Every structure is written in structure tokens, then in C-alpha cells.
Amino acid sequence: MESSMTNDMRLGTERTDSFHPFGVPMESTVCGQQELHNLLNVLRPYGTARNPVGVTDIKQADSSPAFTDQDTSLIIAGPCSVESEDQIIATAKALAEIPEVKMLRGGIWKPRTRPDAFEGSGEQGLVWLREAKRATGLPTATEVATPEHVELALKYEVDALWIGARTVVNPFSVQQLADALCGTDIPVFIKNPLSPDLNLWLGAFERFQKAGLNRLAAVHRGFAYYKETPYRNYPMWEIPIELTQRLNVPLITDVSHICGNRELLQVTAQKALDLASDGLMIECHINPETALTDAKQQITPEELKTLLSNLTFRSKQSYDVEHDLAGLRGEIDDIDSELLQLLARRMEVSAQIGEYKKNHNVTVVQMDRWKKILADHIATGADMGLPPLLINKVFEAIHQASIERQGRIMENDEESH
Ligand code: PEP
Ligand code: MN
């Protein structure tokens, strides 16, 4: 975890080249909130009811204490997939009624895990997405995975592109996309790769930046994890936080793909804002139950409205401290969760030993073995700088709980499973 970055750096009031992963100053990239404003500027060319943010607004905003992040948070909402003209137009119209929603997302080409599933509506979907934009004034975003996708998305006036988690894992694909976009100035949202590999994510930014694209934002969508967790993709908050400490780009949190369900969306969105996310991506569908992809995690525009109204958007000043601590806190959360899973596994193995002891008539407590284990742990812990008293307390408590569990097994009250 890199901790030498200050928030001043992130906000662009102080600048050194040393922290920049590419070793060059990002001169055309102003960072943090300012960069977000720049993104929004580009993303709001339509000037409908939503009064585009202009340069003067930005100046005013920066000096006005009344200006909160609710005004600048980039809320991107829309269906996982564009499925039909009616579906995208109805969803877009309902979303356009929500003032916080600043951009309409809609997947056109869907990367599916298994064949024969709905793979998106392709070029026809782009026509519908453009209609939705014209009907509402909402700028649009879609995922591109190949140069052909780029060509078509630009042809149908998509306003921003995102690179999906499955594409970011492949540097060949990322390079092809960067080459295809060279010479354009379209905003590109780069999702984290499926694997928790910060360098791979940074490398994707580097490829786009080298191709001359400067309107870049990071999208945190969680990581594939080897164990079952309550999330579809484990957040590992410390990774996006570290990314924003290394790179001056806005961070958008895709809570839908992190959660994989509707229930966790609210708390996860709040956590993202508390950890200083600059925006949220949330999948919304006019009728989620019928969605052709990701039905379980999509919500209605009405539900989105409620979710947004229950969020606390923090002012920049108040979350500076939060941001400094966010990476470390995220790491502690992950470690605690691993500790809990390890404890549960240990208890399970201990229960199996209990069964064995019962079947072989062996006593539960074998004091000599336990004393030796504890002494070894205390010695190993001391080598790692851990106080003997802590090791003693922790392992005594674990051992006690194991004995009680095995005792219940002996008395036949309980079985291991
Ligand atoms: C999506 O946004 O619909 C999508 C497929 O996302 P990801 O690449 O994060 O899985
Ligand atoms: Mn999806």
C-alpha cells in the first residue's frame, strides 16, 4: 500500500512526477474533482433541462462551500443490456426524471460466460440507444471490446465508452482498443480487471494515455474471488483506493456488479461514497424481472430514486480524512473477513477430529499436545513481532471453543458436517 500520496496531490494542488506510474506528468489531466468536471463537461453537450456544467460553474463550485459532491457525483444508470427499443426508451425516460442521473449506460455487446445466452442487440441496439439519447438528452455509454465495436459506437454517437473487466485482463485487446481510439477525445471508463491485479489495471490506463486519450476514469466493479462471499465480485476496496493514489483519475464504483443482488446495493453505494468515490454505476431496468442479463441485480428507476435519496453525499472537505484512511480500512475489512473464514474452517476441522475421537474412544483434551502447540505459536508470533500475551489469549479462546464443540460431539448432541 502506497501511503506517501497526500490528498493535495490527488486534488492537483500539489504535483510531483515521482508518483506518476508513467513517469511523466499528466499535464492535460487535471485530477480528482476537476477532472470529473471536465468529464461532465464533455458528457453534457445536449443542454436539455439539465443545464450543462460550464467553466464558470466550475469556478463558482470550487469556491463555494455550499457545493457538495452530490452535484458532482457522476451517477451512471441504465440497463445491463439494451434489449429493445421500448425497453431502453422507457428506462431512459424514467431515469431522466432523476436529477442525479447524469449518464445512460446500456450494454450492446455482452460478454457471456457460457455460449447460447443473449449476447446483446449489436448495431440495432446502437440505433435504439441513440434514440434514447435524443429523447432524453442523457449522454450515453456502452462497453467496447474490439476495434469493430469502437467504430460502430462512434458511428452511432455514443458519448463515452467503457472497457469491461474481461477485456482489461488482456493487454492485446486493450492495446487494440487504444489504437482504435487514437485521435479521438472520447471519455473512456476503464473497469478493473477480473483479477485483483493493480498493475494490469494501471497498464490499461497507460496504454490509453499513450494513445492520447486523457478523459479517463476508473470503474471499480469488484474482483473474482476464490471463496464464496456475500458479493458477486469481492470489492477489495484497497485496490481502487491505491489506484487513485497513484493516478489522478475519477473513481466510479459499479455497485451492481460488485453486489450481484439488489439487497446490498444501498450499503455498498454508501460505502463507495464514504471511501471517496467520484460516482456510481448502477444497473437499472424498467422491468428488472424480465431482464435478459443480470436480472437479479438490476433495479427499477423508482428504486434508484429511493436509493439515491437515502445516500449521504459528503462534502469534499469531510471526506478527505476518510479518503486517506480508506485504503487501510479496506485492507482491515478484508483481513477480518479472512480471519472469520479461517476460524470457521478451523472449527470444522476440529469437529471432524471430535468425531474421530468419539469413534476411537480418545479423550477430547490432550494437554501435552496443546501446550506444545501454544508454545510454538507464541515463539513464531514473537518472531513476527506479535506480543506473547495476544497469541496466548487468541489461541486459548480458539482452543476453548474447539474443546466445547468436541465435547458436544462426544455427548452426541452435535455432529460435524
Ligand atoms: C457490464 O457493465 O454490464 C459488464 C459486463 O461489466 P463487467 O465488465 O464489470 O463484468
Ligand atoms: Mn451487467
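In each ligand, atom 1 is the first atom listed, and ligand 1 is the first ligand listed. Along the sequence shown, residues are numbered consecutively beginning with 1. Note that the coordinates shown come from a computational prediction; the quantities given were computed from them, not determined experimentally.
Relative ring orientation between Y225 and Y234 is described as parallel, the plane-to-plane angle staying below 30° on a 0-90° scale split at 30° and 60°.
The Mn ion (ligand 2) has C80 SG, H257 NE2, E283 OE2, D294 OD2 as protein N, O or S atoms under 2.8 Å away.
Residues R134 and E157 are paired through a salt bridge, judged by an N-O separation under 4.0 Å between the basic side chain and the carboxylate. Using a 4.0 Å cut-off between a side-chain N of Lys or Arg and a carboxylate O of Asp or Glu, D159 and K133 qualify as a salt bridge. In summary, E289 and R262 engage in a salt bridge, as defined by a charged side-chain N under 4.0 Å from a carboxylate O.
Every residue two or more places apart in sequence or in another chain that forms a side chain to side chain donor-acceptor pair (under 3.5 Å) with D294 is listed here: R232, H257, Q297.
Residue pairs meeting the ring-ring contact (aromatic ring centres under 6.0 Å, His included) criterion with at least one member in residues 134-155, sequence neighbours excluded, are W109-H149.
Counting only heavy atoms from C-beta outward, the side chains of R221 and N233 approach each other to under 4.5 Å.
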Pairs under 3.5 angstrom, nitrogen or oxygen on both sides, ligand 1 versus protein: list them out, please.
from     : atom 1 : to   : atom 2 : distance (Å)
ligand 1 : 2 (O)  : R105 : NH1    : 2.7
ligand 1 : 2 (O)  : R105 : NH2    : 3.4
ligand 1 : 2 (O)  : K191 : NZ     : 2.8
ligand 1 : 3 (O)  : R105 : NH2    : 2.9
ligand 1 : 3 (O)  : K110 : NZ     : 2.8
ligand 1 : 3 (O)  : H257 : NE2    : 3.4
ligand 1 : 3 (O)  : E283 : OE2    : 3.4
ligand 1 : 6 (O)  : K191 : NZ     : 2.9
ligand 1 : 8 (O)  : A165 : N      : 2.8
ligand 1 : 9 (O)  : K191 : NZ     : 2.9
ligand 1 : 9 (O)  : R221 : NE     : 2.6
ligand 1 : 10 (O) : R166 : NH1    : 2.9
ligand 1 : 10 (O) : R221 : NH2    : 2.8

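No side-chain N or O of T300 forms a donor-acceptor pair with one of E302 less than 3.5 Å apart. With no hydrogens or angles considered, a side-chain donor-acceptor pair links S350 and Q406 at under 3.5 Å.
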